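Structure first, then comments.
Bear in mind that the values here come from a model prediction, so they are computed numbers and not experimental data. Chain letters run A, B, ... following the sequence lines, proteins first, then strands; residues in each count from 1.
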Protein chains: 2
Amino acid sequence: MDEFVSTFTNRLDAKGRVSIPAPFRAVLAKDGFDGLYCCQTLDQQAVDAGGNLFRERIRELLARYPAFSPDHDYLSTTLAGDSEILKIDPDGRVVLSDKIRDYAGIADQVTFVGQIYKFQIWEPQRFNAYRDEAKARLRALRQAEPGHRAVSADSGASG
Amino acid sequence: MDEFVSTFTNRLDAKGRVSIPAPFRAVLAKDGFDGLYCCQTLDQQAVDAGGNLFRERIRELLARYPAFSPDHDYLSTTLAGDSEILKIDPDGRVVLSDKIRDYAGIADQVTFVGQIYKFQIWEPQRFNAYRDEAKARLRALRQAEPGHRAVSADSGASG
DNA sequence: CCGGATTCCATTGACCCCCATGAAATACCC
DNA sequence: GGGTATTTCATGGGGGTCAATGGAATCCGG
């Protein structure tokens, strides 16, 4: 498997360490990046994390703006300066920085949410709320879609 | 690691020395440039710093303007004439010049901000303000991205 | 000799690596 | 199928290492 899928919740220990879910570790290992590249999400109180594939997306975004332009520096300040590379220990754990813990509101548990080429790091309660909201929005959007009845708003997938 | 990523804040000692963050030192070592090339940023009260890769970008920028043109001379005045090469001591520290300290408003602490091919040197408070501004700018730019609303207001790449 | 700069050394506190434990899932054998 | 052995994983802790910092010693030009 080479994509981040599914959701896992693990505990932080007394030293602030938390195990990256084994399936995610496998993806990171295949990706080849040494460490875990993390940056804050813009719209939620969560963190995006990944490896080389994720970094590649960030580089592509930056490459669209010329060096030394104000926008380039704005973007690189947020996308590079405001991100962190967490070290993964031999047991597959990372220590979340204070910045990450504060931003995401993480106390003693962490939820890892697979998103194909990256995954997100959440405080479990906040993620639950976000997931419910996302689902509601998706439903509303489908209601507004012309012809949505052909598929039906609530068939099959339960989440 | 071959890019400047993340943000670090270190203290100046009584002699005006400050440690370059170890991850940045590693990038500089790989880059091969002996010392730290510094020049004032064009748009903020901060300093751009880096090694050979950074200097290469400056050359590329200057090459876009015809020699002897006013714009070329404006740029080279700042990017070359107003630049300094700081010496890195055996413990990975530099002494910031008075010019740099005055321009950036640095007193006793320095914030180093990774920006991939270069990093910036800030007075910590000023950087905090700039970081917030940068994040707002990124939000604005993303709003303008075509297709970012495909599913809902806050889906898609947040980083 | 003197002041400034540069190199060397020491301390301390955080981080990283190794090992141990227990639980759960899987494989294996009867 | 049932029961057991084995592996995989999440979690807990201890000790060594490295980086940031402060200060002393040395070198240099005046």
- Message: Hydrogens and angles aside, do A/E84 and A/S97 bring a side-chain donor and acceptor to less than 3.5 Å of each other?
- Response: yes
- Can B/D132 and B/K135 be counted as an ion pair, charged N to O under 4.0 angstrom? no
- State whether a side-chain donor-acceptor pair under 3.5 Å links A/Y117 with A/E3. no
- Item | B/N10 CG - D/dG22 C1' separation (whole Å) | 14 Å
- Take the protein atom CD1 of A/I20 and the nucleotide atom C1' of D/dC9, then report the distance between them rounded to whole Å. 13 Å
- Message: Just the rounded figure in Å: distance from C1' of D/dA20 to CG of B/D108.
- Response: 15 Å
- Message: How many whole angstroms separate atom CG of B/L12 from atom P of D/dG22?
- Response: 9 Å
- Note on the structure: Checking B/R131, B/Q44, B/Q115 against A/T77 for side-chain hydrogen bond (donor to acceptor under 3.5 Å, both in side chains), the one that qualifies is B/Q115
- Query: Which heavy atom in A/S19 sits nearest to a heavy atom in A/R25, and how many Å separate them?
  - Reply: CB-NH1, 4.5 Å
- Non-hydrogen atoms of B/W122 and B/A46 that approach each other most closely: CE2-CB, 3.4 Å
- Message: Using the ring centroid of each side chain, check whether B/F24 and B/F8 are separated by less than 6.0 Å.
- Response: yes
I'd like a list of close polar pairs between nucleotides 10-21 of chain C and the protein, N/O only, cut-off under 3.5 Å.
residue: C/dC19; atom: N4; partner: A/D91; partner atom: OD2; Å: 2.7

- Using a 4.5 Å cut-off on heavy atoms from C-beta on, say whether the side chain of B/I58 contacts that of A/F68. yes
- Message: Nearest whole Å is fine: how far is C/dA5 P from B/L96 CG?
- Response: 13 Å
- Degree of bending in the helix from C/dC1-D/dG30 to C/dC30-D/dG1 once both end axes are built from five pairs, to 10°: 40°
